[in-house]
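Chain A is the first sequence line, chain B the second, and so forth, proteins listed ahead of strands; every chain is numbered from 1.
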Protein chains: 2
Amino acid sequence: MKEKNHLCDLNTCREIGQSCAMFNLRKASRALTQLYEEILKPSGVLPTQFTLLVVTRAMEPVAISRMAEVLVMDRTTLTRNLKPLEREGWVSVRQSSQDKRTREVRLTKKGMRRLERALPLWREAQQRIRTSLGESRLDRMIEDLTVVASRAATI
Amino acid sequence: MKEKNHLCDLNTCREIGQSCAMFNLRKASRALTQLYEEILKPSGVLPTQFTLLVVTRAMEPVAISRMAEVLVMDRTTLTRNLKPLEREGWVSVRQSSQDKRTREVRLTKKGMRRLERALPLWREAQQRIRTSLGESRLDRMIEDLTVVASRAATI
DNA sequence: GGTTAATTAGTGTATATACACATATCTATG
DNA sequence: CATAGATATGTGTATATACACTAATTAACC
């Protein structure tokens, strides 16, 4: 008997480490983020910042809430994540003329140049993980991740 | 021509948002973490804290570096993530008697009780995403994530 | 046995994340 | 058109994350 009285006996906890979706997702996220961070380093752009530059470019001009929605990121988190980019002058965040509540994010020329500098490095990082995992497996995983992101937000 | 002169033309940036492994992994990670956080809330245990309790339980007594390695987490991050758990009295972190450099993490009785309280909620969260995705798909994804975590750390 | 290497860990600083709460603006309704 | 409800945003606070640097201890080598 011993341990078996507990919900969280040893075997259970070892099993959780291998089966928990959240744990494994966060772990992989840390690992991959570190890889991208290292490769992106020469460009002076951090992983999240690269993402924000790309999404800004793809959606500009875009309201903070709308952008946060696409990123599945809390609105207030995005506000704060944009600060370093504003400070560097890579993006501008200005009040909309139509709706004075809304603040619109845009990529600046400087931000565009920085993104151009980071892009080849991103390709390198992407290629490395792609080669290591195999194309079909990576594509499959990204598809799964997309589903998780949309489901988790609505379940 | 117009935009095509840039490496980061519109279509490229839109494509990156859909194909970047890092972006999609982080996005899914945020989404799933929010789901688990909401469900775990009544237990007073945050997602990362739940993970630390489980891993501590599975490995105790365990050195910080060893635990960080398993978590694919920077050692200094783990040191700081353990602080709230120490403050709550859920884990103890004490110098090893064998090696005075090493500090060993252990689950306390209080931590065990808290973990017992959180476990049913974790099962609920796990079940929800499992049902939503389908067992085989979730298992497959977790397998892929495990490979990513180990590969990314060594590439 | 003493000096150097390697190992283990913490701090300073900066970014990333989100909840609770507060503020400003807009829209719809009477 | 005044006001109530909805919408868009920012701040305070706490946790999560990692790099650069530093300190202490151990192991290895001569």
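To the nearest 0.5 Å, atom OG of residue Ser65(A) and atom CE of residue Met67(A) are 11.5 Å apart. Interatomic distance, Glu69(B) CD to Leu78(B) CG, rounded to the nearest 0.5 Å: 12.0 Å.
As rounded to whole Å, 10 Å separates atom P of dG10(D) from atom CD of Gln95(A). Atom pair Arg94(A):CZ and dA8(D):C1' shows a separation of 18 Å (rounding to whole Å applied).
Between the side chains of Asp99(A) and Ser96(A), no donor-acceptor pair is found at a separation under 3.5 Å.
Five base pairs at each end of the helix from dA6(C)-dT25(D) to dG30(C)-dC1(D) define two local axes, and these are offset by 0° (rounded to 10°).
Base orientation at dA5(C) is syn, since its O4'-C1' glycosidic dihedral falls within 90° of 0.
Between Lys41(A) and Glu37(A) there is no salt bridge, since no side-chain nitrogen of the basic residue lies less than 4.0 Å from a carboxylate oxygen of the acidic one. Between Asp139(A) and Arg130(A), at least one side-chain N (NZ, or NE/NH1/NH2) sits under 4.0 Å from a carboxylate O, which counts as a salt bridge.
Grouping the Ile, Leu, Val, Met, Phe, Trp and Tyr side chains by contacts below 4.5 angstrom, directly or via other members, places Leu53(A) apart from Leu46(A). In this structure, Val70(B) is not a member of the same hydrophobic cluster as Val72(B), with clusters built from ILVMFWY side-chain heavy atoms closer than 4.5 Å.
A 4.5 Å side-chain heavy-atom check between Met141(A) and Arg137(A) finds every atom pair outside the cut-off.
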Using a 4.0 Å cut-off on protein heavy atoms (strictly under), produce a 5'-to-3' string for nucleotides 9-19 of chain C with B for base contact, S for backbone-only sugar-phosphate contact, and - for none. BBBBB-SSBBB
